[in-house]
Every structure is written in C-alpha cells, then in structure tokens.
Amino acid sequence: MASYKIFLLPGDGIGPEVTSEVEKVAKVIAGAGLASFEFEKGLVGGSAYDAHGAAISESDMALAQAADAVMLAAVGGPKWDKVPYDARPEAGLLRLRKDLGLFANLRPAVCYPALADASALKREIVEGLDIMIVRELTGGVYFGEPKEIIDLGNGQKRAIDTQVYDTFEIERIAAVAFELARKRGNKVTSSEKHNVMKSGVLWKEVVTGLHAKSYSDVKLEHMLADALGMQLVRWPKQFDVIVTDNLFGDMLSDVASMLTGSLGMLPSASLGAADANGKRKAMYEPVHGSAPDIAGKGVANPIAMIGSFGMALRYSFGLGEAADRIDSAISEVLASGFRTADIKGEAASSISTSAMGDAIVAALQKAL
Ligand code: IPM
Ligand code: MG
C-alpha cells in the first residue's frame, strides 16, 4: 500500500478546527486500506509569526518542499494587522505558492442540489452548476516588480504594483485548462482585459495560439474579465473551464463560491509542473479565509477543507475513486439536512464543525 507524506498547515482562525476534520477523513481512507498517510504539522501565517517572527519558518518551508502534498487551512486575522508587510500572514501563503512553483490553481465550483436554495441566486440558475476556475497563481500583479510605495517628496506618495506575464507562464496555465476541459465539458473560457492591458493582449494571443496548435478539439471562447463577472451571476451554467490570471482569478473565484451557497464549500488544488516521473508539487486549501469572527467556536464549515483533501486524493495520490466517494458522502450528508451555520438557510438548526465531520465520516465509511 502506498504511503504519502502530508504536511498540515492549519494556520490561523478556524484553520485548526477544520484541519481536525480532515484528519478524521484521512483515517477512514487509510482504514479502508486505500493508502496510508504520514502527517506532520507546521505553522503558517499569524501563528507562525507569533512563534518565530516570520509568516513561515525555513524549517517548515523545507518540510513543505519534501511532502507529497501540503494541506493549508487559512491564514490571517485582525490580530496581525500591524505586523510588518513582509511578515504579514498572507506572505506565508504566497511564499509557499511561489517557492513550490504552484502555478496552477484549480477552483471547482459545484452546487450540491441540496444547497441550491442557500445560494443568493435563484435555484434554476445554480442547480447542477459544475464549473472549474483555473487561476494562474505564481505570476501577475501578485509578484510583479516593482512593487512599492515611493515618497514623491511633495506630500504625495506613489504606489506601484506590476502586472507582468511571460509567454511560458500563459502557455502552461492554458495547457492545464485545455487538458481539464477535455475530461469535462470540452470548453474553455479565457478571460483578461485586453481592451486596457498589454498583459491581456499577450494572454489572448498566447491562448489562441496554443489552442490552434494543440487543442483545436476543445471549444475556446474569450471573455473580458468584467463581462465574465457579470455572466457568472447571470447564467453561470454557460461555463465549463475558466482560465484567467492571478488577480482576476482571485476575484472571480470568490464570486463563483457564492453561487454554490457559501464560501465554506469551495476546495482548491494548487499544482506545480510535472517532474520526469509525472509527480507534481501540490498544495490543497479551502478558498475561504480564517474567519476570525467565528474562530474557536466550533461552528465553521469543514466541507471546503474536506473537499480539498478529496482533491489531494485525486490530483496527488491517484485515488480518484476515493475522491468521488468523499464528494458523494458530502452530497449525501447535505441531502439528509445536516447544515453548519453558514449554509443553514431555512433549516431548523445547525450542527458543529466536528458533528459535520462525523456525519461525512459515517457516510464515507458506509461507501468504502
Ligand atoms: C485566496 C486568498 C489569497 C489570495 C489571500 C489570502 C492572499 O484570497 O487564496 O484567494 O489573494 O490569493
Ligand atoms: Mg481570494
């Protein structure tokens, strides 16, 4: 039986609570003899800053590099609002993405039938929704230089961020999107702002070129990012795979999350390039944040985190069937009426983080 090293980074806020539920789910998968997991835990974000003055330590970076997969829950909170910019909680997350070379961020937005009424949109608009946002994760304005605030000396300051993309960065993320589309609805929508940005002009040109060269069997359309934001809330089921840059992907995936009912539902996978053995560095994290307002209360929704573990099974460990079982267990538990507070809707009551984890574990145990 294959054994995998998983490096857990619970982080801040609700992070530790939702991470505990993943450990329960992993036990069930291991118990069924599908794989065994070796867990190691580290610190990232504010908790790492409190412990050693940096958003992630060098030794934890080394453990992340050595792991078969990293699972990160969430970072940040008002407690760290005043820490130096380079040590702010988010810096730990960005360093992991950059140093591990995790350029491809997969953010599926699936609306479980039982939750169609929890969405802010009408049931017919979101029911059966299944889209995949492919966000470029190691380039663009997040990392472009210069990135600074200059004192102009006349009482004015100037802030600069740089949006920059090279051909290879666009090509490799577009290839990920086309490959995924072939296994799904065979359609890619590429999004940028070529009407105002040079990076958008190049993005469109490179995606079009790659499509013609290697993926002409996939349907490709281009949509300006503002229009795509509008279409996502107008008729989201027109999309299959959406490929876009780091910043637009950040925004559009938050929009997509609310189609599914709650930010607490969305998992994600961040993947690096395949090495000679086909192995990729990978980090799995829920799209939601650290939710400091509800941290420590045991009411957070663990589904996005559990779904992220499912993505680890699918994309890092070749256990797609087990991942399907986890998705079905989540669907079944929701259909039976179990709700955490964020997806309570009209339900009479809501259950705790650990009760939701236990319900998913019970449904999974039956299915394995
Ligand atoms: C996300 C988050 C991060 C991002 C923050 C926490 C830096 O919003 O993963 O979507 O902007 O990428
Ligand atoms: Mg975001």
Side-chain angles (χ1 to χ4, degrees), residues 9-15 18-19 43-49 54-56 64 69-81 83-109 131-144 147 161-165 169 173 191 225 228-229 232 242-260 262-272 282-293 295 300-301 303-305 307-308 311-312 342:
L9 289 168
D12 309 320
I14 59 169
V18 295
T19 303
L43 294 174
V44 67
S47 58
Y49 180 78
I56 186 160
V70 179
M71 289 215 58
L72 182 150
V75 295
K79 184 180 170 199
W80 301 284
D81 275 353
V83 308
Y85 187 78
D86 289 339
R88 73 200 190 286
E90 292 77 9
L93 174 62
L94 296 179
R95 176 157 180 215
L96 281 159
R97 291 175 178 172
K98 189 71 175 172
D99 286 10
L100 297 181
L102 309 175
F103 69 89
N105 183 217
L106 279 41
R107 297 189 160 185
I131 60 184
M132 176 70 89
I133 298 186
V134 178
R135 168 189 176 192
E136 200 290 325
L137 202 62
T138 51
V141 76
Y142 273 64
F143 297 100
K147 189 178 198 66
D161 290 288
T162 304
Q163 163 83 345
V164 49
Y165 274 108
E169 294 177 286
I173 193 71
S191 189
L228 196 145
L232 262 182
I242 294 169
V243 65
T244 189
D245 78 10
N246 206 343
L247 184 62
F248 293 140
D250 179 45
M251 297 171 55
L252 295 171
S253 59
D254 265 27
V255 175
S257 74
M258 274 319 290
L259 305 174
T260 71
S262 165
L263 198 48
M265 299 296 299
L266 247 71
S268 85
S270 304
L271 308 175
M283 180 161 80
Y284 298 88
E285 44 170 326
V287 172
H288 64 65
S290 59
D293 51 322
N301 184 350
I303 291 179
M305 188 69 184
S308 299
M311 290 188 86
D342 58 310

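The basis for the numbers below is simple: all heavy atoms, side chains too, and nothing from hydrogens, waters or symmetry mates. Position 1 is the first residue of the sequence, and the numbers go up from there. Ligands are counted one by one from 1 in listed order, and the atoms in each one are counted from 1 as well.
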Do side-chain atoms of S268 reach the backbone of E285 as a donor and acceptor pair under 3.5 angstrom?
-> yes
Per residue D250, nearest N, O or S atom to the Mg ion (ligand 2) is named OD1
Min heavy-atom dist R135 to ligand 1 below 4.0 Å | yes
Are any side-chain N or O atoms of R97 and backbone N or O atoms of L94, one a donor and one an acceptor, separated by less than 3.5 Å?
-> no
Nearest non-hydrogen atom to atom 3 (C) of ligand 1 belongs to which of H288, R97, M251?
-> R97
Does ligand 1 have any atom that is closer than 4.0 Å to a heavy atom of L93?
-> yes
Check against side chain to side chain contact (heavy atoms under 4.5 Å, CB included), D245 and Q163 | CA-CA 10 Å; D245 78 10; Q163 163 83 345; 2.8 Å; yes
For atom 1 (C) of ligand 1, grab the closest protein heavy atom and report residue, atom and distance to one decimal in Å.
-> R107 NH2, 3.3 Å
Would you mind checking which non-hydrogen protein atom is closest to atom 4 (C) of ligand 1, with the distance to 0.1 Å?
-> Y142 OH, 3.3 Å
Hey, mind stepping through V141 and T162 against side chain to side chain contact (heavy atoms under 4.5 Å, CB included) and telling me if it holds?
-> CA-CA 5 Å; V141 76; T162 304; over 6 Å; no
Just by modelled atom types, is the G92 backbone N or O under 3.5 Å from a matching donor or acceptor in the E90 side chain?
-> no
Does E90, backbone or side chain, put an N or O under 3.5 Å from an N or O of ligand 1?
-> no
Is there any N or O on E285 that sits under 3.5 Å from an N or O of ligand 1?
-> no
Please answer whether the main-chain N or O of G46 pairs with a side-chain N or O of D12 as donor and acceptor at a distance below 3.5 Å.
-> yes
With respect to atom 10 (O) of ligand 1, which of L263, L266, D250 exhibits the smallest heavy-atom separation?
-> D250
Counting distance only, does the side-chain N/O of T260 pair as donor-acceptor with the main-chain N or O of A109 below 3.5 Å?
-> no
